[in-house]
Amino acid sequence: MLKYQIAAIISLLVCSVFSQEISKDSVADYYVRFEGDSILRSSIELDEVYIFGKLEFADRRERLRYYVLRRKTLKVYPYAKLAAERLVELNDSLDKIKRKRHRKRYTKKVQKYIEGEFSEELKKLTRTEGQILVKLIYRQTGKTAFNLVKELRSGWRAFWYNTTAKAFKISIKEEFHPEYIHEDYLIEDILQRAFAADKLERQNSVLDYDYALLSNKWKNAPSPKKK
């Protein structure tokens with residue numbers, strides 16, 4: 001039952017798929033030729049580069065926990081990224097539809113299409129993968145899955161999803177706070193390392209935190225005890 005709910009939550013965030021051609025300036029566009037010399041005309045903005053420290057673990061159990069978390073995070077991140085991208089597209093489309101009846105019909109049509117495309121994969125998620133996905137949805141959108149359901153459907157439907165999810169020990173009200181929750185920091189660390197290694201396509205979080213500062217903070221903090 002819970003797996004169907006996770007699929008329903010994601011489907012609410014997704015809009016019809018479309019492709020875009022992205023043109024990139026060539027290196028030559030940033031230079032002006034003058035009497036045989038190349039003069040820099042404008043600066044080129046570069047992505048931030050992080051120098052990652054070696055992973056260190058207190059014991060074998062902690063190491064195993066990290067690698068299990070990494071496997072699950074890498075698995076569900078693409079769904080959270082897709083949710084954030086399609087949420088923007090969905091909202092942009094809905095802004096152009098003035099009549100409430102047409103907006104509702106459009107949302108249902110999109111939901112039905114996406115459920116057919118993605119629900120089978122989402123239903124394969126475990127409980128812990130589902131909880132990580134809920135956290136990452138908050139990382140990417142700045143909103144809990146509960147609030148997204150509430151906005152796109154009704155408060156009663158969101159309440160029902162949340163109440164049922166609790167029976168499976170998962171909360172769709174879960175947020176993402178790597179600044180003071182150690183597991184959330186580990187998830188962020190996993191993502192940043194995966195971005196740098198081109199294992200995942202980077203999508204910056206909408207949340208306001210600095211990964212470099214977080215790394216220094218948790219490096220100097222006592223190892224949190226697992227409950």
Novice: Do Trp218 and Leu186 come within less than 4.5 Å of each other through their side chains, counting heavy atoms only?
Specialist: no
Novice: Shortest non-hydrogen contact from Ile137 to Thr141?
Specialist: O-OG1, 2.7 Å
Novice: Between Leu133 and Ala80, which heavy-atom pair has the shortest distance, and what is it?
Specialist: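 In terms of heavy atoms, the two residues are closest at CD1-N, 3.8 Å.
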Novice: Are the charged groups of Glu129 and Lys75 less than 4.0 angstrom apart, N to O?
Specialist: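 Yes, charged N to carboxylate O under 4.0 Å.
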Novice: Any link between Leu55 and Tyr185 through a network of hydrophobic side chains (Ile, Leu, Val, Met, Phe, Trp, Tyr) touching at under 4.5 Å?
Specialist: yes
Novice: I'd like to check the side chain to side chain donor-acceptor pair (under 3.5 Å) partners of Glu183; sequence neighbours left out, ordered by chain and number.
Specialist: none
Novice: For residues Leu74 and Tyr66: do they belong to one hydrophobic cluster (side chain heavy atoms under 4.5 Å, members Ile, Leu, Val, Met, Phe, Trp, Tyr)?
Specialist: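 Per the 4.5 Å side-chain linkage, Leu74 and Tyr66 are co-clustered.
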Novice: Heavy-atom distance under 4.5 Å between the side chains of Leu214 and Asp210, does that happen here?
Specialist: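 Not in contact.
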Novice: Establish, for the pair Lys135 and Phe176, whether the NZ or CZ atom is under 6.0 angstrom from the six-membered ring centre and no further than 45 degrees off its axis.
Specialist: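 Here Lys135 fails the 6.0 Å and 45° test against Phe176.
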Novice: Kindly write out the residues that satisfy side-chain contact (heavy atoms from CB on, under 4.5 Å) with Val206, not counting sequence neighbours, or none if the list is empty.
Specialist: none
Novice: Residues two or more places apart in sequence or in another chain: which of them pass side-chain contact (heavy atoms from CB on, under 4.5 Å) with Lys217?
Specialist: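 Once residues adjacent in sequence are excluded, the partners of Lys217 under the side-chain contact (heavy atoms from CB on, under 4.5 Å) criterion are Tyr180.
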Novice: Please name the pair of heavy atoms, one in Ile172 and one in Ala165, separated by the smallest distance, quoted to 0.1 Å.
Specialist: CG2-CB, 4.5 Å
Novice: Checking Gln131 side chain against Ser171 main chain: does a donor-acceptor pair fall under 3.5 Å?
Specialist: yes
Novice: Using the ring centroid of each side chain, check whether Phe195 and Tyr77 are separated by less than 6.0 Å.
Specialist: yes
Novice: Do Thr144 and Val134 come within less than 4.5 Å of each other through their side chains, counting heavy atoms only?
Specialist: no
Novice: More than 12 foreign heavy atoms under 6.0 Å from CG of Asp208: is that the case here?
Specialist: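 No.
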Novice: Measure the OH-CD distance between Tyr138 and Glu174 for me, rounded to the nearest 0.5 Å.
Specialist: 11.0 Å
Novice: So do the side chains of Leu191 and Leu136 get within less than 4.5 Å of each other, counting heavy atoms only?
Specialist: yes
Novice: Restricting to side chain to side chain donor-acceptor pair (under 3.5 Å), what partner residues turn up for Gln203, sequence neighbours left out?
Specialist: Gln140
Novice: Can you list every salt bridge (charged side-chain N to carboxylate O under 4.0 Å, His left out) pair that touches residues 186-196, not counting sequence neighbours?
Specialist: Arg139-Glu188, Asp189-Arg193
Novice: Taking only residues two or more places apart in sequence, or in another chain, which ones meet Tyr209 in a ring-ring contact (aromatic ring centres under 6.0 Å, His included)?
Specialist: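 Tyr209: no ring-ring contact (aromatic ring centres under 6.0 Å, His included) contacts found.
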Novice: Report the relative orientation of the aromatic rings in Tyr67 and Phe57; use parallel for angles under 30°, tilted for 30 to 60°, perpendicular for over 60°.
Specialist: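 Judged by the thresholds at 30° and 60°, the geometry between Tyr67 and Phe57 is tilted.
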Novice: Lys72 versus Thr128: any side-chain heavy-atom pair under 4.5 Å?
Specialist: yes
